[in-house]
Amino acid sequence: MAAEDKKAFGQRMNALKQSAQAKVDALKEHIGNGGQAEAAPDDPTRPARMAPVGSLHPISIVRQRIVEVFTRIGFTISQGPEVEDDHHNFGALNFAEDHPARDMQDTFFVREGTDGASPAGMALRTHTSSVQVRVMEHSRPPIRTISPGRVYRNEAISARAHCMFHQVEGLYVDRGVSFAELKGTLDHFAKSLFGPEVAIRLRPSYFPFTEPSAEVDMSCTICDGEGCTVCKYSGWVEIMGCGMVDPAVLRNCGIDPEVYSGFAFGMGVERIAQLLYRVPDLRLYWENDVRFLEQFNDGAFRS
Ligand code: PHE
């Protein structure tokens with residue numbers, strides 16, 4: 001800087017310094033008095049307003065947890081189409097031609113298209129057992145797989161039923177697979193998800209594709225077996241169906257039942273989520289009320 005300009009410039013710098021100091025002092029005093037500095041509207045150091053962050057849907061959280069229990073013990077994940085043919089949803093699974101489950105009351109049939117896009121005899125799958133038929137048709141034992149996915153049934157929507165829900169079904173086919181292994185696997189599943197203190201019990205039941213078949217109950221986690229409305233004062237809640245794969249089903253899928261045996265099980269994700277989170281009404285899952293959904297925000301959602 002030229003020598004003759006230095007004096008004037010120095011004075012201006014001093015004035016600037018004093019005015020800045022005065023502002024800092026004023027702010028310090030203000031803050032010291034418990035006040036807040038008043039920010040200019042374009043102050044880039046102002047804290048940002050946080051955008052609301054969503055969370056995984058409870059059904060997604062529970063489906064992931066179920067899948068994880070089984071993938072850890074060697075099950076693979078398989079998926080298949082939601083619009084399914086009669087063979088994969090019913091026929092191969094040993095449903096007789098006149099079985100009531102094929103009836104309009106349970107199944108959503110897809111109308112035949114004139115363009116050939118929707119061939120005759122198609123329906124929305126009523127369970128993901130259809131996926132297991134596809135797996136057995138296309139692979140050889142040992143088969144250890146679970147099929148998570150949406151299923152559809154023509155039911156009136158209520159607190160206890162919906163026309164669409166989610167299942168995770170499992171299948172294990174190998175030489176010498178036993179009923180004891182089925183029970184052990186399901187006991188491991190229940191304890192992994194609900195805690196080491198829960199117990200399961202199997203009640204004889206019927207499914208066209210398993211023999212013997214059983215309904216699986218778990219000790220009620222809501223009342224610890226004391227009796228409550230959820231377990232209808234029995235101390236037990238039903239969580240899934242299971243059984244040994246019927247030899248006729250193995251044969252239908254090209255697997256020799258003289259050499260191989262298998263077990264299968266299937267559960268509803270909504271039901272498991274209801275027991276984990278004590279959800280009183282199925283309809284809550286689909287109303288998208290954020291007051292319901294944000295209760296499941298455990299910080300796991302990162303994307
Ligand atoms: N597929 C049956 C259902 O949807 C469940 C099940 C699967 C039962 C496997 C037994 C064995 O209800």
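For ligands, and for the atoms within them, numbers begin at 1 and follow the listed sequence. All values below were derived from every heavy atom in this structure, side-chain atoms included, with hydrogens, water molecules and symmetry-related copies excluded. Everything numeric in this text was worked out from a predicted model, so none of it was measured.
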*Under the 4.5 Å side-chain heavy-atom rule for ILVMFWY, direct or indirect, which residues accompany F9?*
M1, M13

*Given side chains that start at C-beta, do those of R201 and W236 come closer than 4.5 Å, heavy atoms only?*
yes

*asked:* Just verifying a value: how many Å separate E270 CD and R283 CZ, rounded to the nearest 0.5 Å?
replied: 14.0 Å

Could you check whether the rings of [X] and [Y] sit parallel, tilted or perpendicular, using 30° and 60° as the cut-offs?
X: H127; Y: F90; value: tilted
X: F95; Y: F209; value: tilted
X: Y172; Y: F263; value: perpendicular

*Protein residues that have a heavy atom under 4.0 Å from any atom of ligand 1, sorted by chain and number*: H127, S129, R153, Q167, E169, F207, F209, T210, G241, C242, A264, F265, G266

